[in-house]
There are 2 protein chains.
Amino acid sequence: MRKGDATKARILDETARQAAVKGFGAVSLNDVAEAVGLSKSGLFKHFESKEVMELATLDQGFDRFVEFVWTPTQALPPGRPRLEKIFDRWLDWSEVENAAGGCLIVAASVELDDQPGPLRDLLIRRTKQWRKALAREVKALRDPQLSDEEAAVVIFQMKSYVLGHADGKRLMGDSTARKAARAAFAALLDRAAAG
Amino acid sequence: MRKGDATKARILDETARQAAVKGFGAVSLNDVAEAVGLSKSGLFKHFESKEVMELATLDQGFDRFVEFVWTPTQALPPGRPRLEKIFDRWLDWSEVENAAGGCLIVAASVELDDQPGPLRDLLIRRTKQWRKALAREVKALRDPQLSDEEAAVVIFQMKSYVLGHADGKRLMGDSTARKAARAAFAALLDRAAAG
DNA sequence: ACAGAAAGTGACCGATCGTGCTCTTTGAGC
DNA sequence: GCTCAAAGAGCACGATCGGTCACTTTCTGT
């Protein structure tokens with residue numbers, strides 16, 4: 001049962017790639033199977049349906065995101081240094097790690113925000129989970145910890161800059177997007193620490 | 001040739017609605033035709049292909065956007081009052097005017113950023129055009145007008161807040177998103193006017 | 001009112017969609 | 001090394017995809 005796991009992982013990776021590019025709704029089993037080097041029916045030995053495959057893809061997408069953006073920052077001291085690293089990794093996530101296709105989570109968020117179903121449920125659940133982890137990091141910015149409301153303000157603007165960066169860099173090819181995002185975020189941290 | 005124009009407009013509206021919900025890549029002629037009350041082949045009397053229909057849809061989408069967000073603000077004095085109104089209308093655009101489906105332009109931006117073709121070309125062209133109009137409004141924030149670079153910083157953050165607002169409100173149902181966006185934007189204008 | 005164009009229908013095309021079925025190959029545990 | 005399940009191929013299915021064509025209905029300009 002080891003060979004199967006490796007194939008499964010390749011399927012999930014490929015599905016994630018295609019979903020980030022074309023959207024979940026436009027991914028076809030044929031394209032995925034071909035890219036992975038399988039027959040279409042071979043996919044069904046790993047997932048009982050397309051929907052289950054999509055769910056697994058999005059779930060693994062979040063795992064990869066947290067692993068890439070959050071995990072490596074836990075070695076740093078809490079507060080500003082850690083948060084700056086998280087932000088930087090977050091920008092890397094869409095600009096470098098997923099240069100082709102962009103961030104799967106952003107793509108899914110825009111696509112699924114008005115399409116009820118298990119896929120959207122999963123997306124919302126894991127986004128909330130991520131938000132919680134992020135809130136803990138943000139609150140540690142000041143010695144008397146930031147309140148929930150203060151942290152929410154910081155998170156809103158932080159995520160906004162991430163989205164702005166992705167929009168500017170990926171669609172418009174704006175090479176200054178990263179600098180703009182970093183500057184805006186640094187100013188935000190200054191305000192948060194002072195306020 | 002008057003009846004045809006009305007039908008054409010209904011087709012474009014419906015296509016825009018569906019594209020905003022499911023993405024351009026997942027819109028089918030059958031669904032559009034059915035929703036408009038036409039046969040599938042009837043669509044081809046108005047557009048020679050699906051791609052042409054999509055192009056017309058996105059183009060009209062931008063027209064509607066500018067008409068809704070920008071046009072009504074031109075009665076206000078340039079600078080801060082006008083820009084605040086633009087921002088407000090922009091939030092309304094995705095939260096109220098397009099409550100079901102969200103902003104077509106945002107959806108298209110995320111979907112098409114890595115899919116070359118005429119549709120993406122059109123998207124980029126019209127986005128640049130909008131950015132230019134926006135830059136004029138932003139520069140008028142201060143008496144010695146803001147420089148290009150200063151305006152770019154403001155526009156980056158402004159658009160970031162719009163995206164953050166859409167993300168928070170539409171996907172997560174966060175009812176405080178609008179307040180957060182407005183507060184962040186007001187602070188941005190303060191900084192821009194002072195700096 | 002009449003002619004001709006515009007608007008719209010229905011049947012059909014080949015291709016592709018997700019999925020089930022049977023069959024063969026392959027790999028892992030004893 | 002044998003066995004048996006896991007992994008995968010191949011084919012076929014009904015539905016739907018974008019698109020064409022011949023035909024009918026409806027509107028509009030004169």
Side-chain angles (χ1 to χ4, degrees), chain A residues 1-60 108 111-112 115-120 122, chain B residues 1-60 108 111-112 115-120 122:
Chain A
M1 202 202 282
R2 201 129 26 81
K3 171 85 177 305
D5 288 351
T7 307
K8 197 165 183 168
R10 275 190 302 135
I11 295 173
L12 289 180
D13 283 351
E14 180 59 28
T15 305
R17 234 206 65 235
Q18 295 204 18
V21 172
K22 306 186 284 187
F24 274 106
V27 172
S28 90
L29 295 183
N30 223 331
D31 291 347
V32 172
E34 210 163 83
V36 174
L38 273 181
S39 69
K40 203 170 38 158
S41 54
L43 294 181
F44 286 90
K45 294 291 157 166
H46 300 277
F47 307 98
E48 57 200 53
S49 72
K50 194 194 178 194
E51 187 178 62
V52 169
M53 187 177 94
E54 289 172 341
L55 284 167
T57 299
L58 186 56
D59 211 33
Q60 184 197 256
E111 182 183 357
L112 300 173
Q115 295 194 92
L119 205 50
R120 189 183 71 162
L122 173 66
Chain B
M1 204 205 278
R2 202 128 26 83
K3 171 88 176 302
D5 288 351
T7 307
K8 197 165 184 169
R10 275 189 301 135
I11 296 173
L12 290 181
D13 283 351
E14 180 59 27
T15 306
R17 234 205 64 235
Q18 295 205 18
V21 172
K22 306 186 282 188
F24 274 106
V27 172
S28 91
L29 296 183
N30 225 329
D31 292 347
V32 172
E34 210 163 83
V36 174
L38 273 180
S39 68
K40 198 173 42 161
S41 54
L43 293 181
F44 286 90
K45 296 290 156 163
H46 301 277
F47 307 98
E48 57 201 52
S49 72
K50 194 194 178 194
E51 186 177 64
V52 169
M53 187 176 95
E54 290 172 340
L55 284 167
T57 299
L58 186 56
D59 211 34
Q60 185 197 256
E111 182 182 357
L112 300 173
Q115 296 194 93
L119 205 51
R120 189 182 71 162
L122 174 65

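We name chains A, B, ... by the order of the sequence lines, and we start the count at 1 in each one.
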Atom CZ of B:R10 and atom C1' of C:dA7: how far apart are they, to the nearest Å? 12 Å

Do B:L38 and B:I11 make a side-chain contact, defined as non-hydrogen atoms from C-beta onward lying under 4.5 Å apart? yes

B:F44 CZ to D:dA22 P: how many Å, rounded? 16 Å

Nearest-Å distance for atom pair CG/C1', residues A:D31 and C:dC17: 11 Å

In this structure, how many angstroms lie between the P atom of D:dT16 and the CG atom of B:L43, rounded? 17 Å

Report yes if at least one side-chain N or O of A:S28 is closer than 4.0 Å to OP1 or OP2 of C:dT16; otherwise report no. no

Given C:dG8, D:dG8, D:dT28, which nucleotide is nearest the side-chain atoms of A:L38? D:dG8

Report yes if at least one side-chain N or O of A:H46 is closer than 4.0 Å to OP1 or OP2 of D:dG8; otherwise report no. yes

OP1 or OP2 of C:dG18 versus the side-chain N and O atoms of A:K50: is any pair under 4.0 Å? yes

Between C1' on C:dT16 and NZ on A:K22, what's the gap in Å once rounded to a whole number? 12 Å

Closest listed nucleotide, where the reference is the side chain of B:K45 and the choices are C:dT19, D:dC17, D:dC23: D:dC23

For A:R10, is there an ion pair with A:E14 - N to carboxylate O distance below 4.0 angstrom? no

Out of C:dA11, C:dC17, D:dA9, which nucleotide sits closest to the side chain of B:S41? C:dA11

Looking only at heavy atoms, what is the nearest atom pair of A:H46 and A:G42, with distance? CD2-O, 3.5 Å

When we call it a touch if two heavy atoms are under 4.0 Å apart, what does B:V27 touch: a base, just sugar-phosphate, or nothing? sugar-phosphate

Of the candidates D:dG8, D:dG18, C:dA7, the side chain of B:K3 sits closest to C:dA7

C:dG18 phosphate, OP1 or OP2: any side-chain N/O from A:N30 under 4.0 angstrom? no

Would B:K8 count as a cation-pi partner of B:F47, with NZ or CZ less than 6.0 Å from the six-membered ring centre and within 45° of the ring normal? yes

For the pair made of NZ in A:K40 and P in C:dT22, what is the distance, rounded to whole Å? 18 Å

Between C:dA15 (C1') and A:E34 (CD): distance, integer Å: 14 Å

Let me know the distance between CD of A:E48 and P of D:dG8, rounded to the nearest Å. 17 Å

For residues B:V32 and B:V36, determine if any side-chain heavy atom of one lies less than 4.5 Å from a side-chain heavy atom of the other. yes

